[in-house]
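The block underneath contains the structure these notes are about, expressed in structure tokens.
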Amino acid sequence: MITTTITSSLRDALEDLGVTPQPTVINLEQPANKGHGDWSSNIAMVTAKNAGWAPRELATEITKKINSALPEGIESVTVAGPGFINFTLSPLWLHNVLLRVLEQGITQFGQTDLGQGKKVNIEFVSANPTGPLHAGHARGACYGDSIANILQAVGFDVEREFYVNDRGLQMNLFADSLLARKAGDQVPENGYGGAYVEEWAQKMPDGLSQEEALSWGCEHAKEDQRKTLEMIGIVFDMWFSESSLVDSDAIDHTIRALEEKEATYEKDGAKWLKSTDYGDDKDRVLVKSDGEYTYLTPDAAYHRDKFSRSDWLINIWGADHHGYIARMKAAMEALGHDPEQLTVTITQLVKLVRGGHEVRLSKRHGEVIELREIVEEIGPDATRFMYLLQSVDTKQTFDLDLAASKVMENPVFYVQMAHARLRSIQAKAETLEMWPLPVDNANLSLLTHQRELDLLRDLYNFADVVQLSARELAPHKIAIWLRELATSVHGFYHDCYVIGDGVSQELTNARLQLVEAARTGLVSGLNLLGVSAPNSM
RNA sequence: GCCCUCGUAGCUCAGGGGAUAGAGCAUUGGCCUCCGGAGCCAUGUGCGCAGGUUCGAAUCCUGCCGAGGGCGCCA
């Protein structure tokens, strides 16, 4: 790694100069400003004070030392600003980046073994089986699937899981609503009044009992949700049924396990969890005075089950569930699990805008935008890319008109267009029988144009971006990187003709390799987001 | 009242303690005999407020202001 070369050269220089105390770590960063080189170290500023040096003076001495025997791959070392030491890499080194990208190809580019096969279970969407998925489920769906892709790319063994709340009060209300509609009656108080209920009721067979209607409704809803998710390329490994926890007595076992840990008590005819002992701000009821479980109890049993199958649990919940995190972690800790191995990511709300106005959602009046509608309106690629372009920590404003438009301000088209252009160059080269071409036949040292080097620098960063987005569970970093790479591709396309226009055959050959490397980057990044890379637009 | 997330350009958003805070769109002006002009280049404006930590803060800490969400024996 070039960064190791740089840090060890800094370390050697510091030792040669007899600087004490020596710094424990040497950090490098990639300056935002290209004029500051490829890598920069602040080590002189960090070390100077304790070692009794002036920062700039120390930086100058270090630079002299390194310049006296410049390591391979480094073109220059300079001092700048208050004492930064800036390293510029040689084009030769960047050409090795190209070789590595081509060697790894789309299937391996950016992949690492950070996860070392650790089993991670990602639970997301988990919508109630009482109706179609709506716009509110979309962000968590795209996000969850993308971090699943990313964690797979960095070496985790990933399971995608959907928890189905197929029992309890809401399900009973749903079944009653279907039956009422079937009989031509009004839905009961607090029932489900959406238009789809009417529609589904007509499809439901006659003469079902409440239990049968519940089961039919649940299956119908699950199937509807599964199909919608498939439209945007999301396929779950596991649909976990809440009622199966009743059948297997897992809920009672969980309560007993909590009792054995003396984490429960009885009060006012109910059974409580001493969650305050584990960091929650209130104790929580497990079994109500009427003998029913609260929502927490089956969910605790469910998480206990997941811990028996996985090393690390990730839950993706909507903003309205954040208050639930502390009690779930408390329940897991009480059961003897490490709450650190349960990560809950909260996705903030999305405001939909269409025609310049906010689209108001009112579940009560059955006015919801179904996820299916969004996908049909703007397509699966735009749906995923737009939701993933922004950090889920922030409220998002989602402009449906923009996402649907096939114009340049639509970022998904901008990125996909970059890919289509590269493919069209390759297609032309294929017609002329110039491509494919083994990379050994190309003279990469001809790639010296600023646009070409920009592309190589972007490609070099990909593995780091993937790792960072995995660590922070932040797929938007991939989306941002893709947009930057696309910018470099368009610039290259504009300024560096690959075929014709007086370009020598030798340069054409070298540039064709770069085209394939850039294409590899675009496809690899888009794959992590679950967005396609079309050959033409 | 308490808890969570957020507040960056006219708009939508990036910004892993560093240098002159970045993209895209919008504005204005350039660039098409040429691999797809669905593009490229140039162009002004900004870190909610006040303290603190640090050689250095948009970033970390505290308080305040503002936005959204949550504080049930609902799910």
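Order of the sequence lines fixes the chain letters, A, B, ..., with proteins taken first and strands second; residue numbering starts at 1 for each chain.
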Self-check item: Spacing between Ile346(A) atom CD1 and C3(B) atom C1', to the nearest angstrom
Solution: 12 Å
Quiz item: Considering only heavy atoms and no angle criterion, is a donor-acceptor pair shorter than 3.5 Å present between the side chain of Ser424(A) and the base of C35(B)?
Solution: no
Quiz item: Should U59(B) form a Watson-Crick or G-U wobble pair with both distances under 3.5 Å, which nucleotide is its partner?
Solution: none
Quiz item: Touch check for Arg56(A), heavy atoms < 4.0 angstrom, all strands: base, sugar-phosphate only, or nothing?
Solution: nothing
Quiz item: What's the CZ-P distance between Arg483(A) and A23(B), to the nearest Å?
Solution: 11 Å
Quiz item: When all nucleic acid strands are considered with a 4.0 Å heavy-atom cut-off, which category describes Ser391(A): base, sugar-phosphate, or nothing?
Solution: sugar-phosphate
Quiz item: Could you state the NZ-P distance from Lys329(A) to C3(B), rounded to the nearest angstrom?
Solution: 18 Å
Practice problem: Would you kindly compare Leu28(A) and Gln396(A) by the position of their nearest RNA chain B nucleotide and give the one closer to the 5′ end? | Solution: Gln396(A)
Quiz item: What about His322(A): does its side chain form a donor-acceptor pair under 3.5 Å with the base of C3(B)?
Solution: yes
Quiz item: Atom CZ of Arg451(A) and atom P of C40(B): how far apart are they, to the nearest Å?
Solution: 8 Å
Quiz item: From Arg511(A) CZ over to Leu455(A) CG, what is the distance, rounded to the nearest 0.5 angstrom?
Solution: 11.0 Å
Practice problem: Between C74(B), G18(B), C31(B), spot the one nearest the side chain of Asn42(A), thanks. | Solution: G18(B)
Practice problem: To the nearest 0.5 angstrom, please state how far the CG atom of Leu352(A) sits from the CZ atom of Arg354(A). | Solution: 8.0 Å
Exercise. Write down the partner of G37(B) under the Watson-Crick or G-U wobble criteria, each distance required to be under 3.5 Å.
Key: none
Quiz item: Cation-pi between Arg421(A) and Tyr493(A): NZ/CZ under 6.0 Å from ring centre and within 45° of the ring axis?
Solution: yes
Quiz item: What do you reckon, do Tyr497(A) and the base of C35(B) stack, with centroid distance below 5.5 Å and planes below 30°?
Solution: yes
Quiz item: According to the 5.5 Å centroid and 30° plane-angle thresholds, does His36(A) stack upon the nucleobase of A19(B)?
Solution: yes
Exercise. Have a look at Thr397(A) and say if it touches a base, only the backbone sugar-phosphate, or nothing, with a 4.0 Å heavy-atom cut-off.
Key: sugar-phosphate
Practice problem: Quick one: look up who U27(B) pairs with, Watson-Crick or G-U, both distances under 3.5 Å, and put none if it's unpaired. | Solution: none
Self-check item: Interatomic distance where CZ belongs to Phe398(A) and P belongs to C25(B) [whole Å]
Solution: 18 Å
Exercise. Output yes when at least one side-chain N/O atom of Tyr493(A) is less than 4.0 Å from OP1 or OP2 of G37(B), else no.
Key: yes
Quiz prompt | Watson-Crick or G-U wobble mate for U20(B), both contacts under 3.5 Å | solution = none
Exercise. For Asp495(A) and G37(B), give me the distance from atom CG to atom P, rounded to whole Å.
Key: 13 Å
Self-check item: Earlier contact from the 5' end, RNA chain B, for Asn86(A) and Asn128(A)
Solution: Asn86(A)
Quiz item: Starting at CD of Glu472(A) and ending at P of A14(B), how long is that distance when rounded to a whole Å?
Solution: 13 Å
Quiz item: If pairing requires Watson-Crick or G-U wobble contacts with both distances under 3.5 Å, which nucleotide is the partner of C74(B)?
Solution: none
Practice problem: Name the orientation of the base relative to the sugar in C25(B): syn if the glycosidic angle is within 90° of 0, else anti. | Solution: anti
Quiz prompt | CD (Glu433(A)) with more than 12 external heavy atoms under 6.0 Å | solution = no
Self-check item: Phe84(A)-G18(B) aromatic stacking (under 5.5 Å, under 30°)
Solution: no
Practice problem: Indicate, with a heavy-atom threshold strictly under 4.0 Å, whether His321(A) touches base, sugar-phosphate, or nothing. | Solution: base
Exercise. Please work out if Leu349(A) contacts a base, only the sugar-phosphate, or nothing of the nucleic acid, heavy-atom cut-off 4.0 Å.
Key: sugar-phosphate
Exercise. Remember a base hit wins even if backbone is also touched, and classify Val46(A) as base, sugar-phosphate or nothing at under 4.0 Å, heavy atoms.
Key: base
Quiz prompt | Under 3.5 Å donor-acceptor pair, Asp320(A) side-chain atoms to G69(B) base atoms | solution = no
Quiz item: Is a donor on one side and an acceptor on the other found under 3.5 Å between the side chain of Glu430(A) and the backbone of Ile425(A)?
Solution: no
Quiz item: Does Trp272(A) reach the main-chain N or O of Lys267(A) with its side chain, forming a donor-acceptor pair under 3.5 Å?
Solution: yes
Quiz item: Does G37(B) have OP1 or OP2 sitting under 4.0 Å from an N or O in the side chain of Arg421(A)?
Solution: yes
Quiz item: Taking the six-membered ring for Trp, are His321(A) and Tyr324(A) parallel (under 30°), tilted (30 to 60°) or perpendicular (over 60°)?
Solution: perpendicular
Practice problem: Mind calculating the distance between CE (Met328(A)) and C1' (A75(B)) to the nearest angstrom? | Solution: 12 Å
Quiz item: Considering only the C1' atoms, how many Å lie between U5(B) and C74(B), rounded to the nearest integer?
Solution: 24 Å
Quiz item: Got a donor-acceptor pair under 3.5 Å from the side chain of Thr487(A) to the base of A23(B)?
Solution: no
Exercise. Establish whether the base of A67(B) is bridged to the side chain of Lys395(A) by a donor-acceptor pair shorter than 3.5 Å.
Key: yes
Quiz prompt | Sugar-phosphate only, base, or nothing, as touched by Lys351(A) at under 4.0 Å among non-hydrogen atoms | solution = nothing
Exercise. Counting Watson-Crick and G-U wobble pairs only, both distances under 3.5 Å, name the nucleotide matched with G68(B), or none.
Key: C4(B)
